[in-house]
Amino acid sequence: MFQPLRKYADFTGRARRMEFWLFWLFLIGIQIVFSILIGMVGGPTAVADPTDPFAVLNGPAKALYGVFGLVMLGLLIPSLAVAMRRLHDTNRTGWWLALGLIPFLGALVLLIFYVLDGTPGPNKYGPDPKGRVSAAAA
């Protein structure tokens, strides 16, 4: 779960599905915790100022949104790194991440790539993280 944080900006090598999905579970957990905290300190109120989208938040909720934003910004690099290493595990270049810029379809294709099993044995991005030997090498 925390291996992508130990490999903070390591865009080389390969990442297993478990490493990738546990990190995303960790990110979702952070979002849930901040959502609960923001709800507990007052969250959105009924009075809204149409000129200020954050007017519906009280002071502590605004501060928590700021902290949440900084935490997510700090986790952006490891998120990109683990996604790139996951693509490397399926023998694809990290440039495939650019597909995420295509609405819906790009994210769907990337999701399929993330779910696929990695290439057995070593590939051009490094040794198999599962330690398997490819059929061609056996």
Side-chain angles (χ1 to χ4, degrees):
M1 180 179 293
F2 299 110
Q3 190 170 2
L5 294 177
R6 287 191 288 271
K7 297 179 178 179
Y8 189 85
D10 184 8
F11 290 87
T12 61
R14 297 167 63 173
R16 295 178 61 179
R17 285 181 290 189
M18 185 173 68
E19 176 186 348
F20 177 80
W21 290 113
L22 283 178
F23 185 68
W24 280 101
L25 183 66
F26 169 68
L27 292 177
I28 291 169
I30 289 174
Q31 292 174 346
I32 290 170
V33 166
F34 271 98
S35 296
I36 290 170
L37 288 174
I38 289 168
M40 287 173 54
V41 298
T45 60
V47 180
D49 178 6
T51 61
D52 183 8
F54 291 104
V56 296
L57 299 175
N58 61 21
K62 285 182 185 179
L64 278 173
Y65 266 115
V67 171
F68 174 69
L70 290 174
V71 168
M72 286 293 122
L73 188 62
L75 292 171
L76 178 65
I77 300 289
S79 299
L80 292 173
V82 75
M84 187 173 290
R85 289 195 314 273
R86 180 71 204 121
L87 289 171
H88 287 174
D89 193 38
T90 60
N91 210 20
R92 289 177 177 82
T93 179
W95 285 104
W96 280 96
L97 282 175
L99 274 180
L101 299 173
I102 301 171
F104 184 71
L105 184 63
L108 182 63
V109 171
L110 284 173
L111 178 65
I112 291 168
F113 289 163
Y114 295 149
V115 171
L116 291 175
D117 194 17
T119 307
N123 66 16
K124 65 183 177 181
Y125 299 104
D128 188 345
K130 288 184 178 179
R132 298 175 297 184
V133 178
S134 67

Starting from the C-alpha separation in whole Å, work towards a yes-or-no answer on side-chain contact (heavy atoms from CB on, under 4.5 Å) for K130 and R17.
CA-CA 10 Å; K130 288 184 178 179; R17 285 181 290 189; 3.7 Å; yes

Check whether V67 and L76 end up in the same hydrophobic cluster, where Ile, Leu, Val, Met, Phe, Trp and Tyr are linked by side-chain heavy atoms less than 4.5 Å apart.
yes

Do L70 and I28 sit in the same hydrophobic cluster, where Ile, Leu, Val, Met, Phe, Trp and Tyr count as joined when their side-chain heavy atoms come under 4.5 Å apart?
no

In Å and rounded to the nearest 0.5 Å, what is the [atom1] to [atom2] distance from [X] to [Y]?
{"X": "L27", "Y": "I32", "atom1": "CG", "atom2": "CD1", "answer": "11.5 Å"}
{"X": "L110", "Y": "I102", "atom1": "CG", "atom2": "CD1", "answer": "9.0 Å"}
{"X": "I36", "Y": "F34", "atom1": "CD1", "atom2": "CZ", "answer": "12.0 Å"}
{"X": "L99", "Y": "L111", "atom1": "CG", "atom2": "CG", "answer": "12.5 Å"}

Counterpart residues, side-chain hydrogen bond (donor to acceptor under 3.5 Å, both in side chains), relative to T90 (two or more places apart):
R92

Can you list every pair that meets side-chain hydrogen bond (donor to acceptor under 3.5 Å, both in side chains) and has a residue in residues 74-85, with sequence neighbours left out?
E19-R85

Step-by-step salt bridge (Lys or Arg N to Asp or Glu O under 4.0 Å) determination, R16 to D89
CA-CA 7 Å; R16 295 178 61 179; D89 193 38; over 6 Å; no

Can you name the nearest heavy-atom pair linking [X] to [Y], along with the distance?
{"X": "L5", "Y": "P78", "result": "CD2-CG, 4.1 Å"}
{"X": "P4", "Y": "V82", "result": "CG-CG2, 3.8 Å"}
{"X": "A61", "Y": "I38", "result": "CB-CG2, 4.2 Å"}
{"X": "R14", "Y": "P129", "result": "NE-CD, 3.7 Å"}

Tell me, which pairs form a ring-ring contact (aromatic ring centres under 6.0 Å, His included) where one or both residues lie in residues 89-112, sequence neighbours left out?
W96-F113

Beyond-backbone contact of [X] with [Y], side-chain heavy atoms, under 4.5 angstrom:
{"X": "L37", "Y": "F68", "value": "no"}
{"X": "I30", "Y": "L75", "value": "yes"}
{"X": "T12", "Y": "Y125", "value": "no"}
{"X": "F11", "Y": "I77", "value": "yes"}

Give the ring-plane orientation class for W21 versus Y114, where under 30° counts as parallel, over 60° as perpendicular and anything between as tilted.
perpendicular

